[in-house]
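Below is one structure; the comments refer to it alone.
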Number of protein chains: 2
Amino acid sequence: MTVDQTDRELLALLQQDATQSYAVLGQAVGLSAGAAHERVRKLKASGVIRRTTIEVDPAALGSGVLAYVLLDSDAWMGDAPTLQALKDIAAVEEAHITAGAASVLVKVRTTSTEALQAALRALHQVDGVTGTQTIVVLESFFERPPAVGATPA
Amino acid sequence: MTVDQTDRELLALLQQDATQSYAVLGQAVGLSAGAAHERVRKLKASGVIRRTTIEVDPAALGSGVLAYVLLDSDAWMGDAPTLQALKDIAAVEEAHITAGAASVLVKVRTTSTEALQAALRALHQVDGVTGTQTIVVLESFFERPPAVGATPA
DNA sequence: CATCTTAACCGAATCTCATTTGGCATCTGC
DNA sequence: GCAGATGCCAAATGAGATTCGGTTAAGATG
C-alpha cells in the first residue's frame with residue numbers, strides 16, 4: 001500500500017490521540033470526515049495500523065523495575081521454540097536476535113528486584129542459554145512510539 | 001487509585017483492542033456498559049491509562065533497522081539537557097539511565113543502515129558522550145505492551 | 001483527442017454507541 | 001442503626017461512526 005504525506009499526518013495524529021473524531025482529524029489534514037475515515041480504514045486493512053490500543057502506566061500497576069538482559073548461548077536461538085519460551089515469561093516485553101557478542105536481547109519489566117531475579121532465573125532455564133548480562137535501568141528518560149514523519153531523502 | 005482485578009481485566013482487553021464497545025467490555029467482565037465506562041473513565045482520569053493510541057507497523061513505513069546503543073560518557077548524563085538532546089533525535093525511541101558500564105541506553109529505529117549511521121553521529125554529538133557501543137537487531141521476536149496481569153504474591 | 005476506468009472526495013442519511021442521569025443496593029465509619 | 005460514600009444498573013439523549021450516491025480528477029486506451 002502507498003502511504004502518502006496525508007496518511008502520515010493522520011498516523012501521527014492518531015498516535016497522539018486515537019479518540020478524536022473523524023471530523024476533527026479530517027479538518028486537521030484538510031479532508032472531510034468521510035474521506036479521513038476511508039483513509040484510516042485502509043491503513044488498518046493493510047496492516048500499517050496494527051491495532052488501536054491503550055498505553056498503560058507501568059508504575060501505576062506496580063511495575064517499577066526495568067532491565068535489559070543480554071543472553072549468551074551455545075546454540076542458535078533464532079527459532080520458534082526459543083521465541084515461545086521467551087513469550088511465556090510474562091515479564092519479557094521485547095525479545096530480539098542481535099548481532100554482536102550476545103545472541104539475544106530481551107527487555108524485562110517487573111514489580112520488584114525479587115521479581116527481576118525470578119525472571120532472570122526463568123531466562124537461564126530457556127534452552128540454549130548459557131549466561132546473562134543484565135543492564136538495570138535507574139531512570140527512564142522516555143519511551144515513545146516510533147516516529148512516523150516523512151522519510152527523509 | 002486502587003486497581004482491582006476487574007480493572008486489570010479491562011486494561012488487558014483494551015490493550016488488545018481499544019475500539020470495542022463498552023457493552024462488549026462490560027459483558028466480558030460481568031458489568032453493565034455504564035459501569036464499565038465509569039471504570040475506564042476513572043482509569044484514564046487517574047493516569048493509569050496514559051492515552052489511547054494506534055500501533056503502527058514500522059516496517060510498513062520503511063523503518064526496518066533497529067538497534068540498541070550504549071552511550072559512554074565523561075559526565076553525569078541524568079539531567080534535562082541530555083534528555084532534550086536525545087529527544088531531538090527522531091530515530092531515538094527510548095532512552096534510559098542505566099547502572100553498569102555504560103551510563104545511557106537508547107533504542108534507535110531507522111529506515112536504513114545509512115540512517116542508523118546518521119543517528120549514531122548525532123548521538124556522538126550529544127554533550128558528554130565519549131563513545132558508543134551498538135547492538136544491531138537482526139530479527140525481532142516480538143515487542144508487546146507491558147503485562148497487566150495480577151501482581152503475583 | 002475522445003472515451004473509459006479507477007480512485008478519491010464530498011455531503012447527507014442512518015444507525016450504533018458513548019455519555020449522562022436517576023435511583024437502588026452495599027459497605028464504611030460513627 | 002444511621003449518614004455518607006461508592007459502585008452498580010437501566011434508560012434517555014446526543015454525538016459521532018459508518019454507509020451511500022453522486023461528482024471530479026487522473027490516468028489509461030483506442
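Each chain gets a letter, A, B and so on, in the order the sequences are listed, and its residues count up from 1. Worth knowing before you read on, the calculation uses all heavy atoms, side chains too, and leaves out hydrogens, waters and symmetry mates.
- Considering only side-chain N and O atoms, Lys42(A) lies nowhere under 4.0 angstrom from the phosphate OP1 or OP2 of dA7(C).
- Contact check on Glu94(B) versus Lys107(A) returns a salt bridge, with a Lys/Arg side-chain nitrogen under 4.0 Å from an Asp/Glu carboxylate oxygen.
- For the pair Leu31(B) CG and dT6(D) C1', the computed distance is 14 Å after rounding to whole Å.
- Taking 4.0 Å as the cut-off between side-chain N and carboxylate O, Asp57(A) and Arg51(B) do not count as a salt-bridged pair.
- With hydrogens and angles disregarded, no donor-acceptor distance shorter than 3.5 Å links the side chain of Glu55(A) to the backbone of Thr52(B).
- As a whole-Å value, the separation of Tyr22(B) OH from dG16(D) P is 14 Å.
- Distance, Leu43(B) CG to dG7(D) P: 11 Å, rounded to whole Å.
- Taking the six-membered ring where tryptophan is involved, the planes of His96(A) and Tyr68(B) are tilted, since the angle between them lies from 30° to 60°.
- For Lys44(B) and dT19(C), the NZ to C1' distance is 12 Å, given to the nearest whole Å.
- One atom, CD of Glu38(B), and another, P of dC9(D), lie 12 Å apart when rounded to the nearest Å.
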Would you tabulate the nitrogen or oxygen pairs shorter than 3.5 Å linking the protein to nucleotides 25-27 of chain C?
none

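- To the nearest 0.5 Å, atoms OG (Ser32(B)) and CG (Leu25(B)) are separated by 11.5 Å.
- Phosphate proximity of dC8(D) to Arg39(B): present, with a side-chain N or O under 4.0 Å from OP1 or OP2.
- The CD1 atom of Ile54(B) sits 4.0 Å away from atom CD1 of Ile49(A), with the distance rounded to the nearest 0.5 Å.
- The distance between atom CD of Gln20(B) and atom P of dA17(D), rounded to the nearest whole Å, is 17 Å.
- Residue His37(B) places at least one side-chain N or O under 4.0 Å from the OP1 or OP2 atom of dT19(C).
- Rounded to whole angstrom, the span from the CG atom of Leu25(B) across to the C1' atom of dC9(D) amounts to 17 Å.
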